[in-house]
J.: 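Provided herewith is a single structure, encoded as structure tokens, for subsequent inquiry.
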Amino acid sequence: MADETHHWVQSSNGGPSFFETLQRNTNKTLSQGSRVVQTTNAYDPNEESVAQTTHEKVLNGNPFILYDCREAAPNIDLKDPDAVRAGLAEAYGDSWWAPIDQLVNVIVYGNNPGHDYRFYLNNLAESADTWMKQAEWKECYRDDDPIQPGDQISIGFDGSLFNDATGVVGCRLRDGRLFTIGVWEKPEKAPPDWEVDVMSVEAAIHNAFNTYQVEWMYADPPYWQEAIGRWSLKFGDDRVFEYWTSKTNRMVNAVERFRTAVTNKDLSHSDDKQLTRHVLNAVTREVPQGILIRKDGPKSRRKIDLAVCAVLAFEGRADAIADGRLKRKRRRVVGFG
């Protein structure tokens with residue numbers, strides 16, 4: 001029995017890895033009657049839970065999974081008591097013990113639609129505070145015109161040394177194509193004294209400047225001010241700039257521009273799994289100046305560092321273009337085997 005598999009997610013409890021072991025051992029004893037039973041609420045499609053993986057197998061036609069689900073009609077008005085009551089009646093079916101009247105009040109007078117759709121009405125729904133919807137991000141996917149050596153790019157860098165990830169993301173100037181240059185994320189079973197491989201990060205930065213025509217780099221300084229200073233001296237203080245993400249006004253504007261670009265499909269990506277995971281992990285934090293992004297909890301293992309890098313890279317692209325750098329002659333890159 002696997003209970004509440006919508007909570008079985010790799011980033012918080014290693015659920016998918018554990019479920020693979022459970023399923024593998026079950027498969028070895030199928031002839032003796034072994035089976036796996038999952039019970040779950042509706043999953044958040046941004047979390048890649050065991051429940052989501054199983055449901056997608058059903059949608060893809062797997063004939064060996066018995067799938068039984070009752071759910072309310074999608075997108076009902078959660079402030080309409082009659083619509084909510086009808087939805088609850090459909091979702092709970094013959095569960096006569098369900099406190100329908102009380103649940104109507106909880107939903108109608110509450111303010112947590114993502115939670116209510118999932119846990120009361122059994123609808124698939126992203127969390128209300130999710131920054132980026134999976135469908136929107138997928139709309140920006142492109143598999144043509146890949147990034148090439150010598151392309152003019154901007155870079156976003158967000159660094160840590162211990163628990164958070166360190167990342168480097170590039171953004172091509174001419175079309176806003178995002179790509180991951182490097183990411184250093186604490187492994188699931190890392191020892192307590194794990195640290196980011198600083199020399200590997202240094203090598204990735206140097207390789208990026210040697211491979212591409214880097215016109216602009218925005219780097220968040222905490223823990224890395226000395227390194228950023230060296231990069232500025234080596235590659236030019238007109239190309240490497242500190243960008244303090246803690247400066248709220250500036251970061252709010254950058255997050256908004258990035259979000260608008262996704263909505264308007266003014267940027268693209270090639271579905272890099274690590275970048276996509278970090279972007280979809282991000283949740284919003286409302287401040288007086290607007291919206292920022294953050295992890296879903298201070299100690300959460302659902303990292304968002306590449307999302308921050310992408311915002312900085314996209315912001316760097318805009319400033320590089322405004323500075324006239326897109327008009328520079330493209331550098332010729334010669335490779336030797």
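Computation of the quantities below employed the complete heavy-atom set of this structure, encompassing side-chain atoms and omitting hydrogens, waters and symmetry-equivalent molecules. Predicted model only: the values in this text are computed from it and were never measured.
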J.: V287, V311: one ILVMFWY side-chain cluster at the under-4.5 Å cut-off?
T.: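 Yes, V287 connects to V311 through the hydrophobic network.
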
J.: Quick check on the hydrophobic clustering: are Y141 and V279 connected, directly or via other members, by side-chain heavy-atom contacts under 4.5 Å?
T.: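 Looking at the clustering, V279 is in a separate group from Y141.
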
J.: Evaluate the salt bridge (charged side-chain N to carboxylate O under 4.0 Å, His left out) criterion for residues K234 and E202: first the C-alpha distance (whole Å), next the side-chain angles of each, then the deciding distance (0.1 Å), finally the verdict.
T.: CA-CA 12 Å; K234 181 174 180 61; E202 292 270 7; over 6 Å; no

J.: Nearest heavy-atom pair of C171 and F314: which atoms, and what distance?
T.: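 That would be SG-CD1, 4.0 Å.
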
J.: If the test is side-chain contact (heavy atoms from CB on, under 4.5 Å), which one of I155, L306, D305 qualifies with V169?
T.: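 One option only clears the test, and that one is L306.
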
J.: Got a sec, which residues hit ring pair (Phe, Tyr, Trp, His ring centres under 6.0 Å) with F119, two or more places apart in sequence or on another chain?
T.: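 Ring pair (Phe, Tyr, Trp, His ring centres under 6.0 Å) check on F119 returns H6, H115.
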
J.: State plainly whether one hydrophobic cluster holds both L121 and Y109, where clusters connect Ile, Leu, Val, Met, Phe, Trp and Tyr through side-chain heavy atoms under 4.5 angstrom apart.
T.: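 Yes; tracing contacts between hydrophobic side chains, which count when under 4.5 Å, links both residues.
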
J.: Would you say the side chain of K295 lies within less than 4.5 Å of the side chain of N281, judging by non-hydrogen atoms?
T.: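 Sidechains of K295 and N281: no contact.
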
J.: Looking only at heavy atoms, what is the nearest atom pair of S268 and R142, with distance?
T.: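 Answer, listing the atom of S268 first, then R142: CB-CD, 3.8 Å.
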
J.: If the test is side-chain contact (heavy atoms from CB on, under 4.5 Å), which one of V106, V108, L103, D116 qualifies with V84?
T.: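 Answer after filtering V106, V108, L103, D116: V108.
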
J.: Does the side chain of I65 come within less than 4.5 Å of T54's, by heavy atoms?
T.: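 A side-chain contact under 4.5 Å exists here.
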
J.: Out of curiosity, R85 CZ to D101 CG, how far, rounded to the nearest 0.5 Å?
T.: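 Reported value, rounded in 0.5 Å steps: 5.0 Å.
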
J.: Would you find a donor on one side and an acceptor on the other, under 3.5 Å apart, between the side chain of N122 and the backbone of A42?
T.: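 The answer is yes, because a donor-acceptor pair under 3.5 Å joins these two groups.
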
J.: When you compare the side chains of T5 and Q38, does any donor N or O come within less than 3.5 Å of an acceptor on the partner?
T.: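 Note: T5 and Q38 side chains meet the donor-acceptor criterion.
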
J.: If every non-hydrogen atom of W194 is compared with every non-hydrogen atom of W184, which pair is closest and at what distance?
T.: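 Looking at all heavy atoms of both residues, the closest pair is CH2-O, 4.2 Å.
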
J.: Looking at Y223, I want to see if its OH is surrounded by more than 12 non-hydrogen atoms of other residues, nucleotides or ligands under 6.0 Å.
T.: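 No - once you tally the heavy atoms of other residues, nucleotides and ligands closer than 6.0 Å, there are 12 at most.
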
J.: Using side-chain contact (heavy atoms from CB on, under 4.5 Å), reason through W137 and L275 one step at a time and then give a plain yes or no.
T.: CA-CA 11 Å; W137 185 246; L275 175 59; 4.2 Å; yes

J.: Closest approach of K79 and G110, non-hydrogen atoms and distance?
T.: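 Distance-wise, the nearest heavy atoms are NZ-O, 2.7 Å.
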
J.: Evaluate the side-chain proximity of D151 to F179: yes if any heavy-atom separation is below 4.5 Å, no if none is.
T.: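 F179 does not reach D151 side chain to side chain.
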
J.: Could you check if a side-chain atom of K303 sits within less than 4.5 angstrom of a side-chain atom of K186, using non-hydrogen atoms only?
T.: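 A side-chain contact under 4.5 Å is absent here.
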
J.: Look at the side chain of S34 and the backbone N and O of T29, then say whether any donor-acceptor pair between them is shorter than 3.5 Å.
T.: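 Answer holds: yes.
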
J.: Nearest 0.5 Å, please: how far is SG in C309 from CG in D220?
T.: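 It is 9.0 Å, given to the nearest 0.5 Å.
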
J.: Is the shortest heavy-atom distance from the side chain of R118 to the side chain of N41 under 4.5 Å?
T.: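 No, side chains not in contact.
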
J.: Roughly how far, to the nearest 0.5 Å, is the CZ atom of F64 from the NZ atom of K57?
T.: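 If I round to the nearest 0.5 Å, the distance is 12.5 Å.
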
J.: Could you tell me whether the side chain of R70 and the main chain of E90 form a donor-acceptor pair under 3.5 Å?
T.: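 Such a contact is found between R70 side chain and E90 backbone.
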
J.: Do I291 and V262 land in one hydrophobic cluster if side-chain heavy atoms of ILVMFWY residues count as linked below 4.5 Å?
T.: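 Different clusters: I291 never reaches V262 through Ile, Leu, Val, Met, Phe, Trp or Tyr contacts under 4.5 Å.
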
J.: Would a 4.5 Å heavy-atom cut-off, applied to side chains only, mark V9 and Q52 as touching?
T.: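 The answer is no; the side chains never approach within 4.5 Å.
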
J.: Please assess T245 against L312 for the test side-chain contact (heavy atoms from CB on, under 4.5 Å), listing each intermediate value before the final yes or no.
T.: CA-CA 9 Å; T245 59; L312 298 188; 4.1 Å; yes

J.: Kindly indicate, with the supporting measurements, whether the criterion salt bridge (charged side-chain N to carboxylate O under 4.0 Å, His left out) is fulfilled by K247 and E242.
T.: CA-CA 12 Å; K247 293 185 176 180; E242 291 186 351; over 6 Å; no

J.: Quick check, are the ring centers of F157 and W224 under 6.0 angstrom apart?
T.: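 So the answer is yes for these two rings.
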
J.: Given 3.5 Å as the limit, does a donor-acceptor pair link the side chain of R259 with the main chain of A254, or not?
T.: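 Side chain of R259 to backbone of A254, a donor-acceptor pair under 3.5 Å: no, none is there.
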
J.: Considering only heavy atoms from C-beta outward, does the side chain of E315 approach that of S154 to under 4.5 Å?
T.: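 E315 does not reach S154 side chain to side chain.
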
J.: Check the angle between the aromatic planes of H206 and F235 and answer parallel, tilted or perpendicular using the 30° and 60° thresholds.
T.: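 Rings of H206 and F235: perpendicular, as their planes differ by over 60°.
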
J.: Under the criterion salt bridge (Lys or Arg N to Asp or Glu O under 4.0 Å), which of D144, D145, D272 is the partner of R177?
T.: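 Of D144, D145, D272, salt bridge (Lys or Arg N to Asp or Glu O under 4.0 Å) with R177 is met by D144 alone.
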
J.: Does W131 reach the side chain of R294, with side-chain heavy atoms less than 4.5 Å apart?
T.: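 W131 does not reach R294 side chain to side chain.
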
J.: Quick one: side-chain hydrogen bond (donor to acceptor under 3.5 Å, both in side chains) partners of Y218, sequence neighbours excluded?
T.: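 Applying side-chain hydrogen bond (donor to acceptor under 3.5 Å, both in side chains) to Y218 gives W216, R250, D319.
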
J.: Would you please test F209 and V240 for side-chain contact (heavy atoms from CB on, under 4.5 Å) and show each step?
T.: CA-CA 11 Å; F209 274 88; V240 179; 3.8 Å; yes

J.: Do V50 and L66 sit in the same hydrophobic cluster, where Ile, Leu, Val, Met, Phe, Trp and Tyr count as joined when their side-chain heavy atoms come under 4.5 Å apart?
T.: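 V50 and L66: separate clusters.
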
J.: Taking atom types as modelled, is there a side-chain donor on N27 or Q23 under 3.5 Å from an acceptor on the other?
T.: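 A pair is found: one side chain offers a donor N or O, the other an acceptor, under 3.5 Å apart.
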
J.: So how far is it from K265 NZ to L267 CG, rounded to the nearest 0.5 Å?
T.: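 Answer for the NZ-CG pair, K265 versus L267, is 11.0 Å.
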
J.: Under the 3.5 angstrom rule, does the side chain of R239 hit a backbone N or O of W231 as a donor-acceptor pair?
T.: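 No, because the side chain of R239 does not come within donor-acceptor range (under 3.5 Å) of the backbone of W231.
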
J.: Look only at the side chain of S232 and the backbone of I228, and say whether a donor-acceptor pair between them is shorter than 3.5 Å.
T.: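 No, the answer is negative, given that no donor and acceptor are paired below the 3.5 Å cut-off.
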
J.: Looking at R325 and Q152, what are the two nearest heavy atoms and their distance?
T.: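 Looks like O-NE2, 2.7 Å.
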
J.: What is the distance from atom CD1 of I153 to atom CG of L178, rounded to the nearest 0.5 Å?
T.: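 Answer rounded to 0.5 Å: 11.0 Å.
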
J.: Evaluate side-chain contact (heavy atoms from CB on, under 4.5 Å) for I293 paired with M132, printing each intermediate quantity in order.
T.: CA-CA 10 Å; I293 59 174; M132 193 74 63; over 6 Å; no

J.: For L173 versus A320, what's the shortest heavy-atom pair and its separation?
T.: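 Between these two residues, the closest heavy atoms are CD2-CB, 4.0 Å.
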
